[in-house]
Novice: 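Okay, here's the structure, questions in a sec.
Quick note: numbers below take in every heavy atom, side chains included, and nothing from hydrogens, waters or symmetry partners. For ligands, and for the atoms within them, numbers begin at 1 and follow the listed sequence.
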Amino acid sequence: MKNYITTPIYYVNGEAHIGHAYTTFIADAVARHSRLKGNETFFLTGTDEHGQKIEESAKKFNKPTQEFADEISKTFKDLWDEFGISYDYFIRTTDEDHKKGVQKAFQTMYDKSDIYKGNYEGHYCISCETFFPETQLIDGEFCPDCGKATNVVKEESFFFKLSKYEDKLLAYYEEHQDFILPKSRRNEVINFVKGGLHDLSITRTTFEWGVKLPEGLDDGKHVMYVWLDALLNYITALGYGKDEKNMDFWPANIHMVGKDILRFHAIYWPAFLMSLDLPLPKHIGAHGWWTRDGEKMSKSKGNVVLPKEVADAYGLENLRYFMLREVPFGQDGDFSQRAFIDRINSDLSNDLGNLLNRVIGMSGKYSNFEINSVDVQKYHAKELNEMSAVIANLEPFFDNLQTHRYLEELWKLFSIGNKAIEEHAPWVKMKNNQEDQALATVALIANILAKASLMLNCIMPTTTSTIADALNFEINTESYKDLILEKNLLKTFVIKKVPPLFPRVEEPLMGQPEPKEEPTEPEKPKKLKGKKESTVEEDNLITIDQFFETSLRIGTILEALEVPKSKKLLLLKVDVGEKEPRQIVAGIKEYYSAESLVDTQVCVVNNLKPAKLMGFLSEGMLLAAKDKEGLSLMRPEAPRKAGSSVGLI
Ligand code: MSP
């Protein structure tokens, strides 16, 4: 099967921010997954370089427009290269081939009488490069999309007969229910079309930075409207208007776009294609908008998140994971370092990283890193079935671009693995001379990690390749077929040690660094008599790193209420130094009254997966000591700042 996947082409009036990176990451994941499944795949990205906005930006920088466009286009290309984005072609709308293709399309639509000359009178938003009828403006002047002031435009213009395609478009949406993804965005497009489509002004005369009209129509006055020029990139990149070399990739499988430019892709672009007698793309995927700490990003506020800065601080693949896991596709998402750190520590470090460390540790200890054929099926039929069921349900989430659900489901594999280790306690089996059983558990974990890596590869390509390397297999279409489609297990394998993939992050890594303490001369230790050898039982000991996988913090109880109908539970609001207090449901009602707890401090296990108790979400647990006589909460000896971490001395 041939699959054609595109990102929007980015305006060259500023550097890439986190929103651009998000579109590119999802499209890249879709392209990689398509390739892994063995599809012939063409992945396109590039830059949108014409129009009044770019012309004005270049002027501001006192640069010739082409030189300015060259520079910014290069920053996008360099960034995607540094990020390992797997594009097959990077198009620029200032490429000569592209311009020729656009002219051919214009001529074809003109010959079909879909283009005519008239006069445009209305309002234009330069920032959005969009015309608006007066009725849509805010306070008769401001752009309904970005809120900036519009300009009154009165000029001769060529028009595209968009109105002619109204019914055809509506019929197409009806027949192709999944043309627009997520489906929740369909109605907004349908209502827009039903509201009546005006013919579209597709040329401008008040500036020069655009594609000229085809030879016979060019009068030196008009240049093409930037959106007509830009949308056509999706076919000129395949050779439309030139050699048509890759036109067999058309129609695109998916155009990935932000919700702000859905209208252009779901209305104008299909209408242009209908006019050109070309098939329509199969899907338009419209994602939501990213904000930072709840606020819209803007240069003037100085809160724009730069993907390179984040990737350098937290790791590129952690960023890809975070963005695709955190937000349901189509909804707006917020970039906060706290949320990002929590994802790294809980999902990546605790769940995935921990399982990998365990398999490496156990295989080293039990069998010198080599596992020959063991009967996983015999001892772990239950887990193997659970694993297959999770994998069998994964693909539809990805196909619908619900990457957050896809990853959430995928993570169930790691719970199956971690649970199997607890339940089967291979260290006990080793002690009891049941080596085959212990090794079967190790092999189960290796298989879980191998299969999960194949499914996670499109989102974390380098990390999963490292995991595959540690497990001595390669991620490719054959192994996908073998381990995922045919559900086979790894046969013989040698496990390699790799350094921990996801070091825990304790403090935000971007912004002001924490002041460092001045080092002081250490006091010489007094001579003490102590034990020379440990008598603590070796088995089941943990390393200091394992201890630090648990995040313990001091919390101040702000509110405490009794959970109705429960003998044991209290509902607490606890300040753990985050923006919002945590809600914690604690089984301490028999020992403490709600009132006595308010304003006291406790010690909170901060990185537990949230759970529901009697219908209430609990986002942590409290440390307590219990014996026959009763229960005492662990509290700091003297008050500490809420959120202070509880560690080892
Ligand atoms: N040049 C047009 C696209 C033409 S496609 C034929 C354009 N360029 S853009 O650079 O302004 O935006 C490119 C993409 O980035 C769009 O999909 C847009 O939705 C996305 N984002 C820009 N800011 C964003 C956020 N703050 N959050 C998420 N994505 C956003 O539009």
Side-chain angles (χ1 to χ4, degrees), residues 5-28 44-54 57 69 72-73 75-77 79-80 90-94 98 101-102 105 125-130 143 145-146 148 181 185 209-211 224-237 252 254-270 272-273 281 284-299 301 303-307 310 319 323-324 326-335 401:
I5 293 133
T6 68
T7 72
I9 45 174
Y10 301 104
Y11 284 131
V12 289
N13 64 331
E15 59 188 324
H17 61 60
I18 204 93
H20 302 130
Y22 180 59
T23 320
T24 306
F25 288 157
I26 313 182
D28 184 55
L44 176 72
T45 190
T47 42
D48 188 356
E49 306 183 16
H50 289 125
Q52 200 166 352
K53 178 157 67 176
I54 310 297
S57 295
I72 308 259
S73 176
T75 64
F76 274 92
K77 189 162 185 293
L79 183 69
W80 302 152
F90 186 99
I91 192 167
R92 299 184 54 186
T93 53
T94 50
H98 167 77
V102 171
C125 171
I126 299 175
S127 183
C128 299
E129 297 280 17
T130 310
C143 171
D145 284 352
C146 72
K148 291 190 185 139
L181 293 173
R185 289 219 171 271
W209 189 241
V211 182
M224 275 187 230
Y225 171 44
V226 63
W227 269 102
L228 172 65
D229 159 10
L231 287 162
L232 284 162
N233 93 89
Y234 298 132
I235 52 175
T236 60
I254 184 155
H255 294 313
M256 198 66 73
V257 299
K259 64 177 183 181
D260 54 318
I261 56 172
L262 174 61
R263 193 168 73 229
F264 298 92
H265 284 81
I267 302 174
Y268 302 170
W269 179 226
F272 295 155
L273 287 165
I284 312 289
H287 65 72
W289 206 249
W290 278 85
T291 52
R292 178 178 197 166
D293 299 318
E295 285 190 48
K296 197 169 176 201
M297 284 185 274
S298 80
K299 275 189 200 149
K301 276 194 213 145
N303 67 346
V304 175
V305 186
L306 299 178
V310 188
L319 174 63
M323 296 194 93
L324 270 58
E326 191 70 4
V327 183
F329 185 83
Q331 290 180 24
D332 291 347
D334 189 47
F335 182 88
L401 304 174

Novice: As an exercise, state the distance from CD1 of I91 to CD1 of I235, rounded to the nearest 0.5 Å.
Specialist: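 I91 atom CD1 to I235 atom CD1 measures 10.0 Å (nearest 0.5 Å).
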
Novice: Around atom 27 (N) of ligand 1, find the nearest protein heavy atom and jot down its residue, atom name and distance.
Specialist: W290 N, 2.8 Å

Novice: Would W289 count as a contact of ligand 1 if the rule is a heavy atom under 4.0 Å away?
Specialist: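 Yes, W289 has a heavy atom closer than 4.0 Å to ligand 1.
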
Novice: Looking only at heavy atoms, what is the nearest atom pair of T7 and Y234, with distance?
Specialist: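 Closest pair (atom of T7, atom of Y234, distance): O-CE2, 3.6 Å.
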
Novice: Any idea which atoms of ligand 1 are less than 4.0 Å away from a heavy-atom of G288?
Specialist: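 In order of numbering, the contacting atoms are 28 (C).
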
Novice: Ligand 1 versus Y234, non-hydrogen atoms closer than 4.0 Å: side chain, backbone, both, neither?
Specialist: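 Only the side chain of Y234 comes within reach of ligand 1.
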
Novice: Using 0.5 Å steps for rounding, measure from the CD atom of E15 to the CD1 atom of I72.
Specialist: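 Atom-to-atom, E15:CD and I72:CD1 are 8.0 Å apart.
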
Novice: For ligand 1, is there an N or O atom under 3.5 Å from any N or O atom of D260?
Specialist: yes

Novice: Identify the heavy atoms of P281 and L273 that sit nearest to each other, and give their distance.
Specialist: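 Taking P281 first and L273 second, the nearest heavy atoms are CD-CD1, 3.5 Å.
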
Novice: Please report which non-hydrogen protein atom sits nearest to atom 20 (C) of ligand 1, along with the residue it belongs to and the distance in Å to one decimal place.
Specialist: T23 OG1, 4.0 Å

Novice: Taking only heavy atoms of A230, which atoms of ligand 1 are found under 4.0 Å from at least one of them?
Specialist: 6 (C)

Novice: Side chain or backbone, does H265 bring an N or O within less than 3.5 Å of an N or O on ligand 1?
Specialist: no

Novice: How far is atom 10 (O) of ligand 1 from its nearest protein heavy atom, and which residue and atom name does that atom have?
Specialist: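 It is Y11 N, 3.1 Å.
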
Novice: Treating D332 as the side-chain partner and W289 as the backbone partner, does any N or O pair qualify as donor plus acceptor under 3.5 Å?
Specialist: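 Side chain of D332 to backbone of W289: a pair is present.
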
Novice: Considering only the protein, which heavy-atom contact is closest to atom 3 (C) of ligand 1, and what is its distance?
Specialist: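 Atom 3 (C) of ligand 1 sits closest to the protein heavy atom I9 O, 3.2 Å.
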
Novice: Could E129 and K53 be called an ion pair, given the rule that one side-chain N must be under 4.0 Å from one carboxylate O?
Specialist: no

Novice: Without hydrogens or angle criteria, can the side chains of T93 and H98 be said to hold a donor-acceptor pair below 3.5 Å?
Specialist: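 No pair is found: no donor N or O on one side chain lies under 3.5 Å from an acceptor on the other.
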
Novice: With heavy atoms only and a cut-off of under 4.0 Å, state how W227 meets ligand 1: side chain, backbone, both or neither.
Specialist: side chain

Novice: Which residue supplies the protein heavy atom nearest to atom 31 (O) of ligand 1, what is that atom called, and how far is it?
Specialist: I261 CG2, 3.6 Å

Novice: Is the shortest heavy-atom distance from the side chain of L324 to the side chain of F329 under 4.5 Å?
Specialist: no

Novice: List every atom of ligand 1 that sits less than 4.0 Å from any heavy atom of M297, numbering the atoms from 1 in the order shown and giving each element.
Specialist: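 Every atom of ligand 1 under 4.0 Å from some heavy atom of M297: 26 (N).
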
Novice: Any nitrogen or oxygen of V257, main chain or side chain, under 3.5 Å from a nitrogen or oxygen of ligand 1?
Specialist: no

Novice: Quick test: of every protein heavy atom, which one is nearest to atom 17 (O) of ligand 1, and how far off is it to 0.1 Å?
Specialist: G258 N, 2.8 Å

Novice: Write down the atom of G101, the atom of T236, and the distance for their closest heavy-atom approach.
Specialist: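 Heavy atoms of G101 and T236 come nearest at CA-CG2, 3.8 Å.
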
Novice: So which protein heavy atom does atom 23 (N) of ligand 1 come closest to, and at what separation?
Specialist: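 Its nearest protein heavy-atom neighbour is H17 CE1, 3.0 Å.
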
Novice: Is there a heavy atom of M256 sitting under 4.0 angstrom from any atom of ligand 1?
Specialist: no

Novice: List every atom of ligand 1 that sits less than 4.0 Å from any heavy atom of D48, numbering the atoms from 1 in the order shown and giving each element.
Specialist: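 Close to D48: 1 (N), 2 (C), 4 (C).
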
Novice: Can you confirm whether the side chains of Y10 and T24 place a donor and an acceptor under 3.5 Å from each other?
Specialist: yes

Novice: Which class fits the ring pair Y268 and F272: parallel under 30°, tilted 30 to 60°, perpendicular over 60°?
Specialist: tilted

Novice: Within the distance-only criterion (no hydrogens, no angle test), does the side chain of T291 pair as donor or acceptor with the backbone N or O of G333 below 3.5 angstrom?
Specialist: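 Between the backbone of G333 and the side chain of T291 there is a qualifying donor-acceptor contact (under 3.5 Å).
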
Novice: Quick one: which ligand 1 atoms are inside 4.0 Å of a heavy atom on G19?
Specialist: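 The atoms of ligand 1 under 4.0 Å from a heavy atom of G19 are 24 (C), 25 (C), 27 (N), 28 (C), 29 (N), 30 (C).
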
Novice: Is H287 close enough to touch ligand 1? Criterion: a residue heavy atom under 4.0 Å from a ligand atom.
Specialist: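 It does, in that a heavy atom of H287 comes within the 4.0 Å cut-off of ligand 1.
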
Novice: Quick one: nearest non-hydrogen protein atom to atom 13 (C) of ligand 1, plus distance?
Specialist: Y10 CD2, 3.4 Å

Novice: Ligand 1 versus K296, non-hydrogen atoms closer than 4.0 Å: side chain, backbone, both, neither?
Specialist: neither

Novice: Applying side chain to side chain contact (heavy atoms under 4.5 Å, CB included) between L44 and each of N233, I5, I9, report the one that passes.
Specialist: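 So, applying the side chain to side chain contact (heavy atoms under 4.5 Å, CB included) to L44 and each of N233, I5, I9, only N233 qualifies.
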
